[in-house]
Structures are given as C-alpha cells and as structure tokens.
Amino acid sequence: MVAAGWMLFSSRAGTEPVLPAMPQNAPAPPPAVEAGGADVPEATPRTREEKRFGRYDKDRDGGITNAEYLALRRKAFAKLDTNGDGRLSFEEWSARTAAKFTAADKDRSGVLDAAEFATTAVKRKGKPRCSCPPARNADEDD
C-alpha cells in the first residue's frame with residue numbers, strides 16, 4: 001500500500017507545476033517611491049539583515065568575532081552598572097523599570113490603573129516619511 005501511494009505521488013509529481021502560473025491580467029507591483037527623481041528600492045529582509053550584520057562586524061572583515069558580538073551587550077551592561085563595579089545588583093538592573101513605574105503612577109498610589117499602565121508602552125519610532133523640503137507653491141515662483 002505504501003508503495004502504491006509512493007508510485008502515485010511520484011508519477012504525479014513530475015506533471016503538476018510546483019507553483020500556479022501567474023494570471024495574465026495580474027496587477028503590476030506598486031511603483032518604487034521616487035526621491036529626487038531617483039527610484040528608491042524597498043528594504044528587503046536580506047538588506048535589513050546585511051545592515052544588521054554590518055553593525056556587528058566592526059572591523060569589516062566579513063565575520064563577527066565573539067568580542068564584536070558581545071560589544072553591544074557590553075555597552076548596555078555599562079549603562080546599567082551605575083556604580084561601575086562590573087556587577088549588576090537587582091536595583092541597578094531594575095532602576096529603569098522602577099523609574100518608569102514611578103513616572104506612570106500619577107496619583108502616587110503605588111498601583112497603576114489601566115490608563116496609567118497604558119503610558120508605559122514602548123514608544124516605537126516610526127520611519128520618517130520624507131526628509132524633503134516642503135513643496136513650493138506655484139504662486140511663489142512669480
């Protein structure tokens with residue numbers, strides 16, 4: 001029975017396409033955003049990963065050493081190690097979180113209500129839409 005299933009599968013595998021064909025009237029992909037008359041390519045996962053790799057590969061030799069990999073973590077550790085003893089106490093480790101809690105606790109009750117808690121959400125920086133100067137008005141050309 002297994003052999004029959006395998007033969008059926010293997011005989012059909014060569015005749016069917018792996019992916020369906022694109023329809024003839026498929027919509028075109030959106031055009032690239034133009035900046036200063038030049039097409040700006042969209043970032044791909046590969047280019048983002050290349051950029052991330054470049055941040056770690058400080059000597060640009062095409063490889064990341066253990067020291068390079070840990071360098072960013074050392075900087076973060078040094079910021080937390082406020083007394084510079086090379087060790088993180090719980091107070092040093094949690095200082096930022098405690099300060100965030102204190103800032104959010106507007107009524108100083110020691111408890112965050114839903115509105116206060118909402119202020120602790122991480123604020124992500126959005127990508128700037130454009131660093132172009134404002135458009136000139138046609139009336140200004142006179």
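Hydrogens, waters and symmetry mates play no part in the numbers below; they use all other heavy atoms, side chains included.
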How close do T102 and R108 get, counting heavy atoms only, and between which atoms? O-NH1, 2.7 Å
Could you tell me which non-hydrogen atom of T120 sits nearest to which non-hydrogen atom of L112, and how far apart they are? CG2-CD1, 4.2 Å
Which residues satisfy the side chain to side chain contact (heavy atoms under 4.5 Å, CB included) test with D113, sequence neighbours excluded? A115, E116
For the side chain of S94 and the backbone of T97, is there at least one donor-acceptor N/O pair under 3.5 Å apart? no
What's the separation between atom CD1 in I64 and atom CG in L70, rounded to the nearest 0.5 Å? 11.0 Å
Tell me whether F53 at atom CZ has more than 12 heavy atoms from other residues, nucleotides or ligands lying less than 6.0 Å away. yes
Considering non-hydrogen atoms only, spot the tightest contact between D81 and E92 and give its length. OD1-OE2, 3.3 Å
Which heavy-atom pair separates V111 from D105 by the least distance, and what is that distance? O-OD1, 3.5 Å
Is it the case that over 12 heavy atoms from other parts of the model lie below 6.0 angstrom from the NZ atom of K100? yes
Give a yes or no answer on whether the side chain of R96 reaches the backbone of W93 with a donor-acceptor pair at less than 3.5 Å. no
Between R55 (side chain only) and E50 (backbone N and O only), is there a donor and an acceptor less than 3.5 Å apart? no
For a quick test of reading the model, state the closest non-hydrogen atom pair linking A104 to T119 and the distance between them. CB-OG1, 3.5 Å
If you measure only the distance, is there a donor-acceptor pair under 3.5 Å linking the side chains of T47 and T44? yes
If you look at every heavy atom in Y56 and Y69, which pair is closest and at what distance? CE2-O, 3.6 Å
Interatomic distance, E68 atom CD to D61 atom CG [nearest 0.5 angstrom]: 6.0 Å
Hey, are E49 and R46 close enough for a salt bridge, meaning a charged N less than 4.0 Å from a carboxylate O? no
